[in-house]
Amino acid sequence: MPHRRVGPEAKCRGRRPRTLRYDCAHHARSRPRRGEFDARGRESVRSAAARGDSPARRPRDRGSQIAAIASELFAERGYQSVKMEDIAESAGITPRAIYRHYENKQALLAHVVLGEQMPVIQVVERLSTDSATTPVPERLRALVEVSLDNRRLSVLWQREARHLTGEDFTLVRERTKMLANQYIPLFIAPERSDLDDDTALLRAWTIGSISSSAAYFESTMPRAQLVEELVGAAHRVVVAEPAERSPHPRAGAVRRTPGSRREQLIAAAASAFRRHGYAGVSIDDIGGEIGVVGPALYRYFDNKAEILVAAITRLSEWRALETLRTLEQEPRSEKVIDGLVDGYVGLAAQFPDLVALSLTERLFLPQDARERLQRTQSEHLAEWQRWLVAARPELDAQRAAVLVNVARTVIDDCVRNRRLQANESFEQELRTVVRATLGIAP
């Protein structure tokens, strides 16, 4: 099938969306000043809170300090697990003092998420106006640098933005979409103007995922080297050849309801937890979805936590099965990583609700279950790392670990995007960008 060109006539080509501008002042009683979200400001706030210092007079930037502390707590513990009292205690003030700046916790969340987006928006708008002669890798470097400076943004958007009011959620979502659309003329069209719109959009989201992926893993790699790895991965995605189109269109998914009540409960819970969050759903809500109420519910699960454990464990076990299948079926060591990519892309694309739960609701797992999940995931990533090195012997363990974590983040992000999933070539193109991220030949 011929590829439609990505040219100047396509939407968002070179235009700066006006609605990207900062628009959350109504959430705060005092509007934040430019530059308040820099890393140095956050560090000084944390240090003061840790010392328990109590300033003699109210600082001029109290609202900014509260927002920085709330951002850190929301990212670390989850919005629903953080109380205004927790934020006040960390800030060394009373809860009443917070309400001088923010009407409620939801307004504070909106202020934090919208504020955390601003540095990225500012960089993208700057690149849109003065980067005509800047090589694409240098543009990508600017995006990666600002994303590393604002690592919490991705976590807050993907895990906590669902708790915003309708108006605020729409604003954050539209900003995110506009950023992705701006990535096409900034990063993709200059080097791959032959891509069709769906392929270009997937690559735009992939670039956003790569640049923000460091929020989801820890690495001792020096920052300068990490920047190089992320820029290199993103640029490989930009220039990669598109996937060959299958002559057979993707068949529509057949969603048959299983007869097992237990299976129905797990599926209903996964969908409800993804929409409303674990804390926003009761076990009776889950049972009500499939017409199981009262004592009949407890024939299958003792409590809501057991359902969450069952759903997340299921994805982990299926992932292990795909790994074993690849190890048994692929005779060439250098191609095992390809089989691992293909298996996980297919699994994640088919069960995005389970992928979402494993990322957004793990904080609510019982401690022992959370530790088991972490060990299992670490072993699975180590398996990918092992076979990536087999395919690319020039990589050391640290570089391979970073690339594997980035690639897995790309898959987890893209399969949860319904707009991307609607493309009939989605899985083929996703496999292409993941291979490019890892630096392996198709």
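Using modelled atom types, no side-chain atom of Gln117 and backbone atom of Leu153 make a donor-acceptor pair closer than 3.5 Å. Looking only at distances, no side-chain donor or acceptor of Arg431 sits under 3.5 Å from a matching main-chain atom of Val345. Proximity of a side-chain donor or acceptor of Gln385 to a complementary backbone N or O of Ala397 within less than 3.5 Å is detected. Side chain of Ser147 to backbone of Leu143: a donor-acceptor contact under 3.5 angstrom is found. Counting only distance, with no hydrogens or angles, the side chain of Ser316 and the backbone of Ile312 share no donor-acceptor pair below 3.5 Å. Without hydrogens or angle criteria, Lys335 side chain to Ala391 main chain gives no donor-acceptor distance under 3.5 Å. A donor-acceptor pair under 3.5 Å is formed between the side chain of Ser358 and the backbone N or O of Val355. Checked by atom type and distance alone, the side chain of Thr199 never pairs as donor or acceptor with a backbone atom of Leu195 at under 3.5 Å. Within the 3.5 Å criterion, the main-chain N or O of Pro352 finds no donor-acceptor partner in the side chain of Arg416. Side-chain atoms of Asn104 come within 3.5 Å of backbone N or O of Ala107 as a donor-acceptor pair.
Counting heavy atoms from C-beta outward, Asp86 and Arg77 have side chains that approach closer than 4.5 Å. Put simply, the side chain of Gln158 does not reach to within 4.5 Å of the side chain of Thr360, judged on heavy atoms. By the 4.5 Å heavy-atom criterion applied to side chains, Ser213 and Asn405 are not counted as neighbours. Contact annotation: the side chain of Leu363 never approaches that of Tyr278 to less than 4.5 Å [non-hydrogen atoms, C-beta and beyond]. Within the 4.5 Å cutoff, the side chain of Phe217 has heavy atoms near those of the Ser219 side chain. Put simply, the side chain of Thr437 does not reach to within 4.5 Å of the side chain of Arg236, judged on heavy atoms. Proximity of Leu114 to Arg175: side-chain heavy atoms (C-beta onward) are separated by under 4.5 Å at one or more points. Residues Asn181 and Leu201 form a side-chain contact, since some pair of their non-hydrogen atoms from C-beta on lies under 4.5 Å apart.
Taking every heavy atom of both residues into account, Ser64 and Tyr102 meet most closely at N-OH, 4.5 Å. Between Glu191 and Pro137 the shortest heavy-atom distance is OE2-CD, 4.2 Å. The minimum heavy-atom distance linking Ala67 with His111 is given by the pair CB-CD2, 3.8 Å. Taking every heavy atom of both residues into account, Gln377 and Arg362 meet most closely at OE1-NH2, 2.9 Å. Residue Ala70 comes nearest to Leu108 through the heavy atom pair CB-CD2, 3.6 Å, listed as atom of the first residue, atom of the second, then distance. Across all their heavy atoms, Pro119 and Gly115 have their closest contact at CD-O, 3.4 Å.
A donor and an acceptor atom, one from each side chain of Asp168 and Thr165, are located under 3.5 Å apart.
Ionic pairing of Asp198 and Arg419 is present here: one or more N-O contacts between side-chain nitrogen and carboxylate oxygen are shorter than 4.0 angstrom. In summary, Glu394 and Arg392 engage in a salt bridge, as defined by a charged side-chain N under 4.0 Å from a carboxylate O. Between Glu322 and Arg325 there is a salt bridge, with a side-chain nitrogen of the basic residue lying less than 4.0 Å from a carboxylate oxygen of the acidic one. Using a 4.0 Å cut-off between charged nitrogen and carboxylate oxygen, Glu116 and Arg151 do not count as a salt-bridge pair. A salt bridge between Glu160 and Arg162 is absent, with no side-chain N of the basic residue lying under 4.0 Å from a carboxylate O of the acidic one. Taking a cutoff of 4.0 Å between a charged side-chain nitrogen and a carboxylate oxygen, Asp413 and Arg408 do not qualify as a salt bridge. Between Glu145 and Arg223 there is a salt bridge, since at least one side-chain N of the basic residue sits less than 4.0 Å from a carboxylate O of the acidic one.
The CE atom of Met178 sits 9.5 Å away from atom CD1 of Ile121, with the distance rounded to the nearest 0.5 Å. Note that the CG atom of Leu148 and the OG atom of Ser211 stand 8.5 Å from one another [nearest 0.5 Å]. In this structure, Leu109 CG and Phe74 CZ are separated by 5.5 Å, a value rounded to the nearest 0.5 Å. Atom CZ of Arg126 sits about 8.5 Å away from atom OG1 of Thr134, to the nearest 0.5 Å. Interatomic distance, Ile66 CD1 to His101 NE2, rounded to the nearest 0.5 Å: 4.5 Å. Atom CG in Asp412 sits 5.0 Å away from atom CG in Leu359 (nearest 0.5 Å).
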ask   = When you look at Tyr344 and Ile411, which way does the side-chain contact (heavy atoms from CB on, under 4.5 Å) test go after all the steps?
value = CA-CA 8 Å; Tyr344 186 54; Ile411 297 172; 3.6 Å; yes

request  = Give the C-alpha distance, both sets of side-chain angles, the deciding distance and a yes or no for side chain to side chain donor-acceptor pair (under 3.5 Å) between Arg152 and Ser71.
outcome  = CA-CA 8 Å; Arg152 288 194 288 265; Ser71 175; 2.9 Å; yes

ask   = Do Arg399 and Gln225 pass the side chain to side chain donor-acceptor pair (under 3.5 Å) test, and can you show the C-alpha distance, the side-chain angles, and the key distance before you say yes or no?
value = CA-CA 9 Å; Arg399 291 183 64 198; Gln225 186 179 353; over 6 Å; no

request  = List the steps and the verdict of side-chain contact (heavy atoms from CB on, under 4.5 Å) for Glu361 and Arg159.
outcome  = CA-CA 8 Å; Glu361 308 307 315; Arg159 193 182 69 202; 5.6 Å; no

message = Between Tyr183 and Thr206, is the side-chain contact (heavy atoms from CB on, under 4.5 Å) condition met? List the steps.
response = CA-CA 10 Å; Tyr183 292 170; Thr206 300; over 6 Å; no

message = Between Ser90 and Leu73, does the side-chain contact (heavy atoms from CB on, under 4.5 Å) criterion hold? Intermediate values first, please.
response = CA-CA 9 Å; Ser90 295; Leu73 292 177; 3.8 Å; yes

request  = Quick one: do Thr376 and Glu317 satisfy side chain to side chain donor-acceptor pair (under 3.5 Å)? Show the steps, please.
outcome  = CA-CA 9 Å; Thr376 302; Glu317 294 297 332; over 6 Å; no

key: side chain to side chain donor-acceptor pair (under 3.5 Å) evaluation trace for Thr220 with Gln398   = CA-CA 8 Å; Thr220 58; Gln398 189 178 53; 3.0 Å; yes

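A cation-pi contact, defined as under 6.0 Å to the ring centre and within 45° of the axis, is absent between Arg139 and Phe187.
Below 30°, between 30° and 60°, or above 60°: for Tyr79 and His163 the angle between ring planes is below 30°, a parallel geometry.
The salt bridge (charged side-chain N to carboxylate O under 4.0 Å, His left out) test with Glu241 singles out one residue from Arg435, Arg203, Arg192, and that residue is Arg192.
The 12-atom threshold is exceeded at CD of Gln367, counting heavy atoms of other residues, nucleotides or ligands nearer than 6.0 Å.
Aromatic pair Phe351/Trp318: centroids less than 6.0 angstrom apart.
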